[in-house]
Amino acid sequence: QVQLVESGGGLVQPGGSLTLSCAASGSISRMFVTWYRRAPGKQREFVAQILANGEVSYDFSVKGRFTISRDNAKNTVYLQMNNLKAEDTAVYYCTSDNVHWGQGTQVTVSS
């Protein structure tokens with residue numbers, strides 16, 4: 001069973017950048033990996049996804065600002081987040097094949 005661990009969250013000012021990592025305990029090269037987020041008082045929402053073949057997709061709210069990528073040699077998926085906004089504040093989770101989930105990492109965008 002694959003275990004996922006997110007890292008890289010923190011406090012950043014509006015307009016700043018963060019890179020989240022989703023490290024897997026085993027190979028995820030054949031899996032699709034998705035980032036979701038849950039803001040306080042809101043439902044979980046889709047952020048970005050990368051398929052095994054490298055194809056990516058984004059929610060419209062982050063397209064052009066966030067970039068998802070994967071390094072199969074390191075069993076890691078990244079989420080580069082630029083031009084962060086207050087509304088990006090949330091706990092960010094990664095999942096492989098929507099089966100295995102990490103514990104989440106907090107991102108807070110505030111001045």
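Atom set for the values below is all heavy atoms of this structure, side chains included, hydrogens, waters and symmetry mates excluded. Along the sequence shown, the residues carry numbers beginning at 1.
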Rounded to the nearest 0.5 Å, what separates atom [atom1] in [X] from atom [atom2] in [Y]?
| X | Y | atom1 | atom2 | answer |
| --- | --- | --- | --- | --- |
| T67 | R65 | OG1 | CZ | 11.0 Å |
| Q1 | S96 | CD | OG | 9.0 Å |
| L84 | S110 | CG | OG | 12.0 Å |
| I50 | C94 | CD1 | SG | 12.5 Å |

Co-membership, hydrophobic cluster, residues [X] and [Y], 4.5 Å side-chain:
| X | Y | answer |
| --- | --- | --- |
| W35 | V62 | yes |
| V12 | Y78 | no |
| Y93 | L79 | no |
| V56 | V77 | yes |

Who pairs with T108 by side-chain hydrogen bond (donor to acceptor under 3.5 Å, both in side chains), at least two apart in sequence or on another chain? Q106
Using the side-chain hydrogen bond (donor to acceptor under 3.5 Å, both in side chains) criterion, which residues pair with D59? Sequence neighbours excluded. S61
Using every non-hydrogen atom in the two residues, find where [X] and [Y] come nearest and quote the distance to one decimal.
| X | Y | answer |
| --- | --- | --- |
| A39 | T89 | CB-O, 3.6 Å |
| R37 | D88 | NH1-OD1, 2.9 Å |
| T76 | K74 | OG1-O, 2.8 Å |

With a cutoff of under 4.5 Å between side-chain heavy atoms, which Ile, Leu, Val, Met, Phe, Trp and Tyr residues group with L51? F32
Heavy-atom count check: over 12 atoms from other residues, nucleotides or ligands less than 6.0 Å from E87 CD? yes
Spell out, as yes or no, whether a donor-acceptor pair under 3.5 Å connects the side chain of [X] to the backbone of [Y].
| X | Y | value |
| --- | --- | --- |
| S29 | S27 | no |
| N53 | E55 | yes |
| E6 | Q103 | yes |

Pairs flagged by ring-ring contact (aromatic ring centres under 6.0 Å, His included) wherever residues 42-66 is involved - sequence neighbours left out: none
Partner residues of Y36 under the ring pair (Phe, Tyr, Trp, His ring centres under 6.0 Å) criterion, sequence neighbours left out: W101
Which of L4, N98, I28 passes side chain to side chain contact (heavy atoms under 4.5 Å, CB included) with V33? Answer is I28
Would you sort out whether R38 and E45 count as a salt bridge (charged side-chain N to carboxylate O under 4.0 Å, His left out), showing the intermediate values? CA-CA 6 Å; R38 186 191 298 273; E45 63 179 12; over 6 Å; no
Which donor-acceptor pairs under 3.5 Å do the side chains of residues 14-25 make with protein atoms, sequence neighbours left out?
residue : atom : partner : partner atom : Å
S17     : OG   : N82     : OD1          : 2.9
T19     : OG1  : Q80     : OE1          : 2.4
S25     : OG   : Q3      : N            : 2.8

